[in-house]
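The chains referred to below are lettered A, B, ... by the order of the sequence lines, with proteins before strands, and numbering in each begins at 1.
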Amino acid sequence: MTVESGGAVKAPPIETPKRGLRAPAGTLYRGTEGMWSWVLHRITGTAIYFFLLVHVLDTALIRVSPEAYNAVIGAYQTEIMGLGEVALVGAIGFHALNGLRIILIDFWGWATQHHRLLFWIVIGLWVVLMIGFTPRHLINVFSH
Amino acid sequence: MTAIPAPRSGGGRGGRRTNWEKWGWIYMRASGVLLVVLIFGHLFVNLMVGEGISQINFGFVAGKLANPFWQWWDVAMLWLALIHGANGMRTLVNDYVSRPKVRTALKVALVGSTAALIALGTLVVFTFDPCLGADEFPDLVLSICNA
């Protein structure tokens, strides 16, 4: 946005998203990057929260006995849970990167105007993160 | 027609009271940045270095918790993440739960579970003794304890 001499704020023209006939109508917001980043942030945040509740409890077993802790951590080392951990790291990675995007949008005018580009940068960085994590983690899970 | 208060007027409650929503908004961003560093570090050390998840057992965690650096790292994560998560869940409750009594009950549950888990986790980190149970489980505990 540019501030003119009188102090009035002149908004840039709002891009109207291109849509097919089947896309939701009625608002500029629905169905675009802004909506999907918001939806994914809520879903990943909720999933991470419920994992966190369980994870504090399972780690607390370290204070009970070595046997109790090793029994519960053994459950995290199975093949099925190994795949679940890929999903968990994926959720954390998206929530973290999109959270940083939200902060940029809040404090930096350029980011506010280019929030849709930033969404795709978040997706790109997330893909790089997962390419780095997934093979190494799955080798650790399936080779033991 | 309902009058809508002007932006930044404190929601029509008068400007002198503490604006808790503003501090919540600031907290989510400040804790979020710290949590990116703390949790990415946590995941890297536990899942990427060495044999990753296969190496995690009592001895691995006991080794980390013997070091004040990891004690404070874990306690910082515990407090920041639980409060960040509970405040995020409060936002969802406000958005999706329309019955006032259910909303209040869920928020009480959020405060209660957060306080309980923070107390539990903090106590575990600072009262943990790696040689606990050395007599009962000599094969499982650190070799240093059997000396």
*asked:* Would you compute the distance between atom CZ of A:Arg101 and atom CD1 of A:Ile121 and round it to the nearest 0.5 angstrom?
replied: 10.0 Å

*Against chain A, label B:Phe44 side chain, backbone, both or neither, depending on which of its atoms sit under 4.5 Å from a heavy atom there.*
neither

*Could you go through the side-chain contact (heavy atoms from CB on, under 4.5 Å) check for A:Ile103 and A:Phe107 one step at a time?*
CA-CA 6 Å; A:Ile103 295 171; A:Phe107 291 105; 3.7 Å; yes

*Hey, can you tell me if B:Trp73 and B:Phe69 have their rings parallel, tilted or perpendicular (30° and 60° cut-offs)?*
tilted

*Side chain to side chain, A:Leu53 and B:Leu82, heavy atoms closer than 4.5 Å*: yes

_Residue B:Ile56 versus chain A: region with a heavy atom under 4.5 Å_ = both

*Sort B:Met48 into side chain, backbone, both or neither according to what part of it lies under 4.5 angstrom from a heavy atom of chain A.*
both

*Will you find, in the side chains of B:Tyr96 and A:Arg42, an N or O donor that is under 3.5 Å from an N or O acceptor?*
yes

*Identify whether NZ of Lys or CZ of Arg in A:Arg116 sits under 6.0 Å from the centre of the six-membered ring of A:Trp120 and within 45° of that ring's axis.*
no

*Write out, in numerical order, the residues from residues 82-90 of chain A with a heavy atom short of 4.5 Å from a heavy atom in chain B.*
A:Glu85, A:Val89

*Pairwise side-chain contact, A:His41 with A:Ile102, heavy-atom cut-off 4.5 Å (strictly under)*: yes

*Within the side chain of A:His114, is there an N or O that forms a donor-acceptor pair under 3.5 Å with the backbone of A:Trp110?*
yes

*Choice from A:Asp106, A:Ile73, A:Val141, A:Leu61 maximising heavy atom contacts with chain B below 4.5 Å*: A:Asp106

*Under 4.5 Å from any heavy atom of chain A - which part of B:Ile39*: side chain

*Side chain, backbone, both or neither: which part of B:Thr127 has a heavy atom under 4.5 Å from chain A?*
both

_Proximal component of B:Leu117, with respect to chain A [non-hydrogen, under 4.5 Å]_ = both

*Can you tell me if B:His84 uses its side chain to pair, donor with acceptor, with the backbone of B:Ser31 under 3.5 Å?*
no

*Would you call A:Arg63 and B:Asp129 a salt bridge, taking side-chain N to carboxylate O under 4.0 Å as the test?*
no

_Tell me if the aromatic rings of A:Trp38 and A:Phe119 count as close, with their centers under 6.0 Å from one another._
no

*asked:* Using heavy-atom distances under 4.5 Å, tell me whether A:Phe50 contacts chain B through its side chain, its backbone, both, or neither.
replied: side chain

*Where on A:Tyr69 is there a heavy atom nearer than 4.5 Å to chain B: the side chain, the backbone, both, or neither?*
side chain

*chain B heavy atoms under 4.5 Å from A:Ile139: which part of the residue, side chain, backbone, both or neither?*
neither

